[in-house]
Amino acid sequence: MTDSSGAGEQVDAAFVGRANIDLTIHVPHRARPGRTAIGSALPVNAGGKSLNQAIAAARRGGRAALIANVGADTWGHQIITALTDARVDTRRVRLVPDATTGAAIIEVTPDGESYITLALSPTTELTTDDIHRATAGLAAEAVIVQLDLPPEPVTTLLSHRRAPIVVGNLVPNPDLDPRLLAELDVLVVNQHEAAAILRTTAGNPLDAAAALQRLGPRTVVVTAGPNGAAFTHPHGSGTVPAPAVPVVDTTGAGDAFLGSLALDLARHTPLPDAITTAVHAGSHTVGHSGAHIRHTNSSCGDPR
């Protein structure tokens with residue numbers, strides 16, 4: 001584990017998942033079979049869904065912690081530096097000796113759409129022991145977990161409540177017991193992930209949220225890109241629109257959405273208000289290149 005000086009044990013939100021390096025290339029079009037597409041220079045930045053979410057929460061003034069493993073290599077240390085610069089608590093980020101940090105290869109086309117392939121590093125995947133160590137003494141108002149992690153650490157996390165609010169994200173690992181979805185206070189997915197979970201084609205986000213709620217989560221939020229987000233919870237359902245905004249790069253927009261949402265839920269903001277602010281955070285992200293931005297703008301929204 002690393003040290004983060006001055007960080008208290010109490011945090012608003014702890015994000016459990018992966019951290020990796022993003023290798024981003026802007027291309028005029030995706031490469032065609034047998035042809036080479038010439039793209040931009042290749043920036044190397046810290047990324048990964050849970051890392052992006054933690055940074056988004058911290059940059060809104062939240063006390064955010066990340067629970068993840070990275071390799072004890074150049075990329076791993078770059079990730080620690082990026083987290084520290086963003087004031088994210090890194091004490092539960094483990095540098096794994098002799099392990100290679102994972103990387104995401106991101107192609108961004110002129111319409112701002114991103115195509116991401118993750119080169120996973122099996123030796124840095126979280127384990128049950130990691131969860132036990134990282135959550136011992138953790139005081140968080142909300143815990144947010146990537147459901148596509150190996151089933152053992154996710155099962156360990158969800159079987160024993162670690163925070164008053166437990167949020168799940170992404171399509172669950174196929175080996176995860178589906179009954180564990182009932183342990184979630186909130187499930188957050190985009191409309192394509194919702195369709196994958198429901199084994200259908202992407203349709204009305206509000207209908208998808210209602211169908212996902214029947215699988216067990218008490219509240220479900222489905223993001224729909226330029227169409228905003230839909231939600232359903234025990235007290236009702238609704239939609240939050242997203243104003244049209246210029247799109248430069250959709251990478252990390254959904255993570256900005258969830259980082260903002262988790263922070264507001266930890267602060268007991270009413271769900272519709274929290275979703276509205278999260279939509280705005282997602283919009284501000286798509287107007288910039290890369291997954292991280294310095295400030296949020298509450299005037300527009302486009303969560304991917």
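- At a threshold of 4.5 Å between non-hydrogen side-chain atoms, the residues Asp73 and Thr100 count as touching.
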Inset, instruction - Go through the steps to decide whether Val167 and Leu184 satisfy the test side-chain contact (heavy atoms from CB on, under 4.5 Å), and finish with yes or no. - result: CA-CA 6 Å; Val167 181; Leu184 297 175; over 6 Å; no

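- With no hydrogens or angles considered, no side-chain donor-acceptor pair links Arg18 and Ser50 at under 3.5 Å.
- Looking at Asn190 and Thr223, their side chains never bring a donor and an acceptor atom within 3.5 Å of each other.
- In this structure, a donor-acceptor pair under 3.5 Å is present between the side chains of Thr109 and Asp111.
- With 3.5 Å as the limit, one finds no donor-acceptor pair spanning the side chains of His26 and Glu107.
- The residues Arg161 and Asp185 are annotated as salt-bridged, a charged nitrogen and a carboxylate oxygen being separated by less than 4.0 angstrom.
- When every heavy atom of Val16 is checked against every heavy atom of Leu149, the shortest pair comes out as O-CD1, 4.1 Å.
- A 4.5 Å side-chain heavy-atom check between Asn20 and Leu118 finds at least one atom pair inside the cut-off.
- In plain terms, the two heavy atoms of Pro150 and Asn173 that are nearest each other are CA-ND2, 3.9 Å.
- With hydrogens and angles left out, the side-chain atoms of Asp255 and Gln53 include a donor and acceptor closer than 3.5 Å.
- By the 4.5 Å heavy-atom criterion applied to side chains, Pro217 and Leu212 are not counted as neighbours.
- Using a 4.5 Å cut-off on side-chain heavy atoms (C-beta onward), Asp89 and Leu66 make no contact.
- Closest of all the heavy-atom pairs between Leu23 and Leu42 is C-CD1, 3.9 Å.
- The local environment of CG in Asp98 is sparse, with at most 12 non-hydrogen atoms from other residues, nucleotides or ligands closer than 6.0 Å.
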Inset, instruction - Step by step, work out the side-chain contact (heavy atoms from CB on, under 4.5 Å) result for Arg94 and Arg133. - result: CA-CA 10 Å; Arg94 187 163 71 96; Arg133 280 194 299 267; 3.7 Å; yes

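- Tracing side-chain contacts under 4.5 Å through hydrophobic residues (I, L, V, M, F, W, Y), one reaches Ile131 starting from Val166; they form part of the same cluster.
- For the residue pair Asp130 / Thr127, a side-chain donor-acceptor distance below 3.5 Å is found, with atom types taken as modelled.
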Inset, instruction - Carefully, step by step, assess Arg60 and Asp264 under the rule salt bridge (Lys or Arg N to Asp or Glu O under 4.0 Å). - result: CA-CA 10 Å; Arg60 277 200 57 213; Asp264 277 342; 3.2 Å; yes

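- Contact detail for Ala65 and Ala54: the closest heavy-atom pair is O-CB, 4.4 Å.
- Taking 4.5 Å as the limit, some side-chain heavy atom of Thr219 sits within range of a side-chain heavy atom of Pro234.
- Under the 4.5 Å side-chain criterion, counting only non-hydrogen atoms from C-beta, Leu83 is in contact with Ile55.
- Looking only at atom types and distance, the side chain of Thr128 has no donor-acceptor partner in the side chain of Glu152 under 3.5 Å away.
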